[in-house]
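I have placed the structure first, in the form of structure tokens, so that the comments after it can refer back to it.
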Amino acid sequence: MDQSTSRPIVMLDLSRQFAGIREEVLAAIAAVCDSQQLILGPEVARFEAAAARACGTTHAIGCASGTDALWLAMAAAGIGPGDAVITSPFSFFASVSSILRCGAQPLLADIDPATYNLSPTAVESILQQRSEPSVRIRAILPVHLYGQCADMDAFAELQHTHDLLLIEDAAQAFGASWRGTPAGALGDAAAFSFYPTKNLSAMGDAGLVTTSSADLDDHCRSLRAHGMRRRYFHDEVGWNSRLDTMQAAILEVKLRHLPRWNRQRRAVAALYNQIFDASGLVAAPHESLSRNSQKIVLPFTDPRATHVFHQYVIRAPRRDQLRQHLAHRGIGSEIYYPLPLHQQAALAHLGYRAGDFPISEAAAAEVLALPIYPELRPDEQETVVDAIRAFYA
Ligand SMILES: *Cc1c(COP(=O)(O)O)cnc(C)c1O
């Protein structure tokens with residue numbers, strides 16, 4: 001029996017990535033140890049410069065996490081009490097919690113059923129309906145879910161028509177682009193996460209804000225270090241959210257490899273598409289899933305987007321049973337996200353109810369992320385698809 005196919009196939013095996021960059025990473029860590037410049041050492045500024053270059057912005061500000069990057073970007077732009085920010089209910093919790101942390105009010109709009117990204121049409125209808133004088137809509141926060149940019153042409157138009165800020169939640173999309181412009185450079189500011197499972201990952205928590213505004217850059221730098229521009233003189237109440245020097249050193253190494261890793265992710269996704277297409281398991285685009293359907297829906301890529309496949313997400317009938325079936329065969333899978341944000345207990349006070357965002361709710365019931373990472377092997381992908389075929393047979 002082939003040993004390799006009998007091993008579990010996990011969602012993400014970072015040890016394969018590390019095996020390829022071990023010497024470089026250990027050397028970078030050793031350099032930090034040798035210098036003992038542990039807080040905002042030279043590696044932080046070097047990584048920030050390289051990241052800004054990669055994103056096509058003039059500035060990048062390292063911070064402690066993607067969640068903090070969202071908060072920093074919005075707080076630096078002056079979003080606070082009395083303001084509202086429109087975002088997606090089909091995202092990680094931080095997309096909404098960061099708005100609340102600014103003291104602002106999240107307004108949710110449903111998603112596009114093909115890409116799962118915030119729907120510009122749904123956002124526009126909020127902008128046309130709402131004229132509560134008690135809150136002022138200040139910003140749109142699209143999320144580039146699974147590594148594919150939201151429709152940034154449409155959001156840029158809404159931004160200009162309604163005089164809003166446009167802030168990207170690019171936590172899953174380092175290296176993605178929209179009509180050739182990189183994620184991070186598509187709005188006033190963007191937030192990235194380097195949580196270990198992200199497509200560009202640290203070896204712990206880390207995050208980044210990108211912007212081409214010198215004012216936002218200066219304000220983010222102040223806010224990440226206690227509102228201190230001059231040591232022990234505080235202009236405002238900020239936070240302690242610096243990017244750790246050790247993480248910056250690791251990220252500097254990994255950023256050099258990222259273009260290749262993103263290409264490999266796209267190749268893995270293309271091979272999944274090809275094997276699934278040949279399997280007879282694939283429903284026609286946008287075909288709805290009935291309970292008795294045996295067909296799955298593959299990820300849709302907008303022709304204007306360069307997708308980096310942070311996740312490869314299918315829609316599957318009897319999704320939870322399929323997930324169990326895969327688990328029994330040692331195949332990992334994950335649900336991003338099983339409960340839309342408007343139905344989360346912590347956000348009950350926002351006053352939304354089940355049924356408010358039917359496209360998000362349907363997606364939450366049907367999506368399944370399959371193993372994907374640059375080093376995933378074709379034989380492992382075959383095994384994953386075979387197991388799915390066996391479930392529906
Ligand atoms: C991961 C993630 C975040 C938060 O990033 P952390 O680094 O975990 O704080 C925010 N938004 C989205 C869409 C994410 O996927």
Side-chain angles (χ1 to χ4, degrees), residues 11-12 14 47 51 60-75 85-102 106 108-109 111-112 115-118 139-150 152 155 167-176 183-184 186-187 189-210 220 223-224 239-244 247-248 250-251 254 265 305 307-313 334-342 344 346-347 360 363-364 367 369 372-373:
M11 279 296 288
L12 168 64
L14 277 168
F47 171 67
I61 306 95
C63 64
S65 69
T67 305
D68 277 8
L70 284 166
W71 164 73
L72 276 170
M74 286 188 274
V85 177
I86 304 175
T87 195
S88 166
F90 194 58
S91 182
F92 180 59
F93 186 67
S95 304
V96 163
S97 68
S98 57
I99 298 169
L100 292 168
R101 187 170 159 202
C102 289
L108 301 177
I111 56 171
D112 176 276
T115 63
Y116 311 109
N117 278 324
L118 184 62
I140 308 172
L141 179 71
V143 182
H144 303 324
L145 200 69
Y146 306 146
Q148 172 167 232
C149 289
M152 296 307 283
F155 289 123
I167 297 173
E168 304 166 71
D169 183 340
Q172 303 186 1
F174 206 112
L186 291 160
F192 290 95
S193 164
F194 306 124
Y195 183 81
T197 62
K198 304 286 155 115
N199 70 312
L200 175 59
S201 64
M203 293 188 178
D205 277 304
L208 186 86
V209 177
T210 56
C220 284
L223 286 171
R224 79 169 176 190
W239 204 253
N240 176 357
S241 183
R242 296 173 296 244
L243 172 59
D244 183 76
Q247 298 303 340
I250 294 163
L251 285 164
K254 289 199 183 190
R265 281 177 182 276
H307 199 321
V308 292
F309 288 96
H310 168 60
Q311 297 298 343
Y312 182 90
V313 176
E334 195 48 79
I335 300 168
Y336 306 107
Y337 294 90
L339 187 66
L341 299 178
H342 67 288
Q344 296 287 346
L347 302 175
S360 296
V367 292
I372 189 165
Y373 52 94

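We count ligands from 1, going down the list as the structure has it; atoms in each ligand are counted the same way.
Taking R265 as the reference, nothing meets the salt bridge (charged side-chain N to carboxylate O under 4.0 Å, His left out) condition, with sequence neighbours excluded. S65 pairs by the side chain to side chain donor-acceptor pair (under 3.5 Å) definition with nothing, not counting sequence neighbours. When the side chain to side chain donor-acceptor pair (under 3.5 Å) test is applied to S95, the partners found at least two apart in sequence or on another chain are S91, D169.
Residues H144 and E168 bring a donor and an acceptor atom of their side chains to less than 3.5 Å of each other.
Using a 4.0 Å cut-off between charged side-chain N and carboxylate O, D68 and R242 make no salt bridge.
Geometric assessment of R224 against the ring of W71 yields a negative cation-pi assignment under the 6.0 Å and 45° thresholds.
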For each nitrogen or oxygen atom of ligand 1, which protein N/O atoms lie closer than 3.5 Å, and how far apart are they, rounded to 0.1 Å?
unit_1, atom_1, unit_2, atom_2, d
ligand 1, 5 (O), S193, OG, 3.2
ligand 1, 7 (O), G66, N, 2.8
ligand 1, 7 (O), S193, OG, 2.6
ligand 1, 9 (O), G66, N, 3.3
ligand 1, 9 (O), T67, N, 2.8
ligand 1, 9 (O), T67, OG1, 2.5
ligand 1, 11 (N), D169, OD1, 3.3
ligand 1, 11 (N), D169, OD2, 2.8
ligand 1, 15 (O), Q172, NE2, 2.8
ligand 1, 15 (O), K198, NZ, 2.7

